[in-house]
Amino acid sequence: MGVSAENGIAGRHSSNYQSDRPWSSLDSEDSLSAPPDITSYMPDPIPISVRRPQVAMIARPLPKYGNAELMETGDGVPVSSRVSAKIQQLVNTLKRPKRRPLREFFVEDFEELLEVQQPDPSLPHPEGAESTPIQGEELNGLKNCPSSLEAALLRWGAIAPKAPCLTTTHSNAKQPYTLTYGKLWSKSLKLAYNLLHKLGSKQEPIIHPGDRVALVYPNNDPAAFMVAFYGCLLAEVVPVPIEVPLTKKDAGSQQIGFLLGSCGVAVALTSDACHKGLPKSTSGDVMQFKGWPKLLWVLTDSKHLSKPPREWFPLIKDANNDTAYIEYKTCKDGSVLGITVTRMAMLTHCQTLTHTCGYSEAETMVNVLDFKKGIGLWHSVQTSVLNMLHVVSVPYALMKVNPLSWIQKVCQYKAKVVCVKSRDLHWALMAYKEQSDTNMSSLRMVLIADGSNPWSISCCDAFLKVFQSMGLRSEVICPCAGSPEALTVAVRRPQEGSSKPAGRGVLSMTNLSHGVIRVDTGEKLSVLALQDVGTAMPGAMVCVVKLEGVPQLCKTDEIGEICVSSVATGTSYYGLTGMSKNTFEVGLVSDCVYVRSGLLGFVGPGEMIFISGTLEGLMQVGGRKHNADDIIATALAVEPMKFIYRGRTVVFSVNVLYDERIVLVAEQRPDSTEEESYQWMSRVLQHAAVAHKILMFRTVQIHTPLETHSSASHTMIWVKMRAHFSPKRCQFLAFCNKEIKITQLDNLCYNFNINAHCSRRMANACHTFYTVTRIVMLVIQFFLFLSEVLQWRAQTTPDHILYTLINTRVTYIYYFPKFPSAVSLDLIAAFYGCLYAGCIPITVRPPHPQNISTTLPTVKMILEVSRSVCVMTTQAISKLLKSRDASVAVDFKSWPPILETDDLPKRRCPLLYKPCDPDSLAYLDFSVSTTGMLAGVKMSHNATSALCRSVKLQCELYPSREVAVCLDPYCGLGFVLWCLCSVYAGQQSVLISPMDLEVNPALWLQSVSQFKVRDTFCSYSVMELCIRSLSSLTDSLKARGMDLSRVRSCVVVAEERPRVALTQSFCKLFKDVGLHPRAVSTAFGCRVNLAICLQGTSGPDPTTVYVDMRALRHDRVRLVERGSPHSLPLMESGKILPGVRIIIANPETKGPIGDSHLGEIWVHSPQNASGYFTVLGEENVRSDHFGARLSFGDTQTVWARTGYLGFLRRTDLTDASGERHDALYVVGALDEVMELRGMKYHPIDIETSIIRAHRNITECAAFTWTNLLVVVVELDGSEQEALDLVPMVTNVVLEEHYLIVGVVVVVDTGVIPINSRGEKQRMHLRDGFLADQLDPIYVAYNM
């Protein structure tokens, strides 16, 4: 069963990955705080989203977990029906198994104590009964209520066109601007017409109904925003209100750009004044912001719009399930999510607010909140139009100049309702002076948007105490709570003339840190006073669920997350169906679907809701949970106004060793001295220790302002500060969306580019020489072509054994008979036959008989790319190409002529072809790189001879030597060692096909032992197969006489970073049969140069260095001691071959870089390939790969770019000549680098950590999908274990690499594609993932 992004989470055994947060491993992640004086309007913390039914209460079956219904044991613990309660308990305790530490790393003795820590029975724990959902009052239908907000606007625009809708005052404007309902209707109508009919052409309009459009308006222009919002509703397009970007590289706007890109936004609406303030390019256009899609900026001022014709009128529909708008939310890690709200939910929400707040026509409302999102949007833009309210908007710029401006507006317009935050009350108190004309008796409701904050109750009491004498009544103070997901959760109703006191509670913070509610006295410092935020909204149900595990109702004295079941809630996170399911579809025993609000609290007496904090503000220290808002309240209680500028404070946590530590950052007032500030800091530490029983890890006061009011949100400030102070050095998210074009390639038979007829046979050499001993080196220098070398060897030493395939010895002067092996010596004969015929051979892997539908199209692809005119192959493969199964995949008639090499005419070739130019093309090497790119490189005769000469000198190959080769013979260095080096150097090559090892895994090592081979070559796949299959048979192999003590060089040929752990495991396993650890080394080659490094027999032993993994993420190389934290062992990739020059260059600037920097490996050598062979002929795909020059320094030398990152180090070791040894360390492929959070990660590092996480993970691969990290793991065990792997994978990646895994895919073994060299084809795997072809066992999304 496949998985797609639309399905969110899918699998054969589990359909949900439930968690209170995107990942359960983030339960103790660093938390976000929200100080009372935030200068920008931020969304309330929220969870996740999903499609919701359009009724208030919907009965739905409970969700199932692991394809098993929830059951309860005797003690009430939910378990799966597949296992018993004891087994489930054991699984839960082993979900985070201890990772087997490496020997070179320091391990604390205290680690085991942390793993087996038992809960203290003396700690507070909830004792009450299980809570029950509370039902809000019935939402009675409002009289003459419009069927939609557009219908309401049409009604008021026709009935009362001159009624004021919105009044706004700028700080520098003398007269306020008033927008009437008539103007709002006409301007919105005009904008809707232009959006649908004036953008693009009539045949191809740019905007269609249902498209998303960005609204970019400053906080001082609510009128233009309101026109744009309702213009989009009339045009049936979806508005996405966002903040105005100030700079090109603003980190906050980058994440908003990612949201716009994921929503498919192509048009941005803005005003003329805002457009003039946007950053411009040299051409005068709006600059392309980093991370943003390309946008068409449309000015919505009337002078820029065309008047609609009289006959045009928009279709006013009733509220339905179409998306009305998308409200963005910034998470504490800086990422941005978009919450979709349907038209039905928007209308129902406005009706509930009307019912709860008692709005009536023509009332006046003063709004100080951000009108683009949250409570400001819900009340001042949406509900106001439904009820024909007059909204007086007070921009933040005016509030900074005059904090009393909103009170003055209340008195001036005799407003009935005012929407403010606690900080507005506080600033008004600080700026207030006795004024006789202040009269607030007209107010019937003061809506406190952040009434859930712990400092809100003190601000409300102080404000009421001062202004009660001016007509302000206590019952009009109405705190509320809401979130973008659940919209309004609760509002305290205004009670005219009621003497009923508001709900308040004094709770013990010590018990709250354990999630337990205990009433305490108000005389202590360690208590928290809370006020209620009202009861459940009309037509809604509210419940409190546990923070961890499967959603369950909390007990009555337990803190949990507030969940709401109502039509008036958000629907989903746009484009993130997997994340949405855990937030917007929470199933409980009440058979209702609830939405997580992200608010923590409980239901008190009288069904009043109390909010104690937010889920994102939760910090866990020493096993106890603290809320960032509580700590901010404690800090602000210590004379804040004398030392903190406007009360600006940020609290977050950082991980230190095994726990979190709390950091408080406050902005120091310019007029306060450092001595006074230090005294304040010491008092804060004392109060925090007494009130919260915690010790601050760090308290910091800074002079630079933490924020400026614009797009910079409080969440982004938190990320900035945490990035500076955290030992983990968390950075801003910087997602890199790289598009890599991948061409699938697998296998093929022998395919050749024919220049002449192929009727000639391979001829014997005819040159004569006097003695072999005298002329060997002369031949190497005299003959420029391998065909001439073969002729000379055939003439001088015809009986010398050149090749041995397994146990069959064949001399090079005879034609090769058929062998039962998967790879026969016909390949070598056909290759040299093409050289003598003047043909250009291309050796490619044959199609697999059991997977012909997949591998055969690749054969056809290479035929077409290389423009081959003939196929040379064996009779068996020829029959396979003509089979019925092959014809289904590729029509046999489309093949070029096929020449079977099994039974050729026994005639000598009358004339042998001799190349006239050593730089002419010898053969094409087609293969798939580790990045998944199919590329054919052109190897000239000169480069082929130089390559063979370098390998001969490095490995000291002579006719008396025997070399065992167990490599793929179709491409790269494997082909060179199979077909070319034996002819050039004359050594006897014992050839073992890697495919034969699948039948007999010990075949390679038995051959090495039998022939007493001193030098052998293999791949990582061969080495892994031997470890996996022979780990328990070493004693048996030793008893049968296996002896590897004569092996002096075992070279692993690869196109990647050396796998240190694998080579060490191989050496340790076969140490008992005589293998010396110093014998194992690695070689490195790539497309531009098939062999750059190869460990020689006379060279020094390969060295291993330890580098700081954190420095590598910033392209820096810092050597550390073995066992240092974050150290990464890197093994030398072999000694640099003779004639090869290497330089490390910056891949962007193309300039040489220093030893402390990580850069791209550039190589200059006569054995470099000539270029890529493409369909376009002789043109290179990337010309600078083979003809690059340094931008400064040695600008004359032509270099080839390998596409791999690495660095050079001059070691203290010396080679046989006494010279110091230069070591090359390969880190990874440049195209595989994943740029996440502004840092660069290599997949192999993440994969190594994941494989160590669980013994049943046999293989894994990591890659990026848009901005998400995707991990595919192969499970070698029961499918029931798939769910348990997800938290283990996410935990280990988070702990060791500080990354959040976006998608975890659990698959069967063998799904991850591996090439013939044992290297993972991550890009092919990524293609299969995107095409839904992996057939996963389980998939978990965190988007």
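When reading the values below, keep in mind they use all heavy atoms of this one structure, side chains included, and skip hydrogens, waters and symmetry mates.
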| Do NZ/NE/NH1/NH2 and the carboxylate oxygens of Glu1232 and Lys1240 come within less than 4.0 Å? |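 No salt bridge links Glu1232 with Lys1240.
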| task | State whether Glu1259 and Lys1320 are salt-bridged, where the test is any N-O pair (Lys NZ or Arg NE/NH1/NH2 against Asp/Glu carboxylate O) under 4.0 Å. | result |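 The answer is yes: the pair qualifies as a salt bridge.
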| request: Report the residues that fulfil ring-ring contact (aromatic ring centres under 6.0 Å, His included) with Tyr1225, sequence neighbours left out, ordered by chain and then residue number. | output: Phe1207
| Can you name the ring-ring contact (aromatic ring centres under 6.0 Å, His included) partners of Tyr1241, sequence neighbours left out? | none
| Distance-only polar pair, side chains of Thr1309 and Glu1274, donor-acceptor under 3.5 Å |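 There is no such pair (donor and acceptor under 3.5 Å, judged by atom type) between the side chains of Thr1309 and Glu1274.
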| query | Is there a donor in the side chain of Thr1016 and an acceptor in the side chain of Trp1004, or the other way round, less than 3.5 Å apart? | reply | yes
| Criterion side-chain contact (heavy atoms from CB on, under 4.5 Å) on Val1271 and Val1305, from CA distance to verdict | CA-CA 6 Å; Val1271 172; Val1305 185; over 6 Å; no
| Shortest non-hydrogen contact from Ala1083 toward Leu973 |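 Scanning both residues completely, I find the closest heavy atoms to be CB-CD2, 4.4 Å.
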| request: Given side-chain contact (heavy atoms from CB on, under 4.5 Å), test Ile1257 with Glu1281 step by step and report yes or no. | output: CA-CA 10 Å; Ile1257 298 179; Glu1281 297 178 353; over 6 Å; no
| request: State which residues pass side chain to side chain contact (heavy atoms under 4.5 Å, CB included) with Ser1065; sequence neighbours excluded, sorted by chain then number. | output: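 Ile1027.
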| field | Option passing side chain to side chain contact (heavy atoms under 4.5 Å, CB included) with Ser1007 (candidates Val1013, Leu991, Ile992) | value | Ile992
| task | Compute the centroid of each ring, for Tyr1204 and then for Phe1084, and state whether the two points are separated by less than 6.0 Å. | result | yes
